[in-house]
A.B. asks: 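For reference, the structure I am asking about is given below.
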Amino acid sequence: MIEIAPSILSADFAYLGDAIQTVEPETSWIHVDVMDGHFVPNLTIGAPVVASLRRHTKSHLDCHLMITDPWDYLADFAKAGADSVSFHFEVGRTLELIRMAHDLGMKAGMAVNPDAKFDDYSTYIAKLDLLLIMSVFPGFAGQAFIPDVLESLRRAKEIIEESGSNTILQIDGGISLETIGASCAAGAQVFVAGSAVFGQPDPSGAIRELKRAANLALEGSQ
Ligand code: DX5
Ligand code: ZN
């Protein structure tokens, strides 16, 4: 499985419906970056925008919650029509959040910052639907990929294979034609891309190129 999840953070917020329509022929995932100005030094959007997007797309709305108190908002995201929520490992209460997301009918994702210690979060991997490994420090689009996280991807893939779980491995931050290959070879399956998709003049063409680069790397690594 290889999917590009374009991040609407790099789209024109005044034309989100159009942006999603543009990429829909190439992907069935849309990544929604939710920031609260506390967990990260930036403010973006929340559940009301997800509810609006839901009315315009059947794609998987993949909500990345860069917020300090996700437990207070999961019900709002479920009601808005989110398909998955990825809360951050750093905020704690992981098992409770996984259970809450499932009880609300959403896939449960956990995001980990680039400096999270693998052994601190590895016990949760098999319990998740989605593990989102951050390859930049969250807060802004357009930052440089941190290659150190490739090792975490490789180790996470081993755990998923050993446990037989269906956890999807996602990578987020600095994904481009230059970095997608190494991430794919290390085990990532869903690639969040902001600048490399909506920052480009032809977003759907950009997705096709990214998928081609990922597939090439996959063939090379087998
Ligand atoms: C960063 C966000 C990312 C970001 C990716 O805090 O979580 O999803 O939008 O943007 P690029 O692909 O430009 O690094
Ligand atoms: Zn994100």
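Atoms within a ligand are numbered from 1 in the order they appear, just like the ligands themselves. Just so you know, these numbers come straight off a predicted model, no measurement behind them.
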A.B. asks: Salt-bridged, Lys211 to Glu3, with N to O below 4.0 Å?
C.D. replies: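 The answer is no: the pair does not qualify as a salt bridge.
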
A.B. asks: For ligand 1, what is the set of protein residues having any non-hydrogen atom at a distance below 4.0 Å?
C.D. replies: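 Those residues closer than 4.0 Å to ligand 1 by some heavy atom are Ser7, Leu9, His31, Asp33, Met35, His64, Met66, Met134, Pro138, Gly139, Phe140, Ala141, Gly142, Asp172, Gly173, Gly174, Val192, Ala193, Gly194, Ser195.
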
A.B. asks: Suppose we only allow N, O or S atoms; which atom of His64 ends up nearest to the Zn ion (ligand 2)?
C.D. replies: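 Among the N, O or S atoms of His64, the one closest to the Zn ion (ligand 2) is ND1.
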
A.B. asks: Quick check: of its N, O or S atoms, which one does Asp172 have closest to the Zn ion (ligand 2)?
C.D. replies: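 Of all N, O or S atoms belonging to Asp172, OD2 is the one nearest the Zn ion (ligand 2).
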
A.B. asks: By side chain to side chain donor-acceptor pair (under 3.5 Å), which residues pair with Ser163, not counting sequence neighbours?
C.D. replies: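 By the side chain to side chain donor-acceptor pair (under 3.5 Å) rule, Ser163 matches Ser165.
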
A.B. asks: Please name the atom of Asp33, limited to N, O or S, that comes nearest to the Zn ion (ligand 2).
C.D. replies: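 Minimum-distance N/O/S atom of Asp33 relative to the Zn ion (ligand 2) is OD1.
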
A.B. asks: Who passes side chain to side chain contact (heavy atoms under 4.5 Å, CB included) against Ile67, sequence neighbours left out?
C.D. replies: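 Listed in chain order: Val34, Asp36, Leu65, Pro70, Tyr73.
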
A.B. asks: Which ILVMFWY residues are connected to Trp29, directly or by a chain of links, through side-chain heavy atoms under 4.5 Å apart?
C.D. replies: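 Members alongside Trp29: Met1, Leu130, Ile168, Val190.
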
A.B. asks: Name the residue from Ile45, Leu9, Asp62 that meets the side chain to side chain contact (heavy atoms under 4.5 Å, CB included) definition with Val32.
C.D. replies: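 Testing Val32 for a side chain to side chain contact (heavy atoms under 4.5 Å, CB included) against Ile45, Leu9, Asp62 leaves exactly one candidate, Ile45.
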
A.B. asks: Measure from the side-chain N and O atoms of Ser183 to the backbone N and O of Phe191, and report whether any donor-acceptor pair falls under 3.5 Å.
C.D. replies: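 Flag not set: sc Ser183 to bb Phe191 has no pair under 3.5 Å.
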
A.B. asks: Side chains of Asp33 and His31: is there a donor and an acceptor less than 3.5 Å apart?
C.D. replies: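 Asp33 vs His31: donor-acceptor pair found between side chains.
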
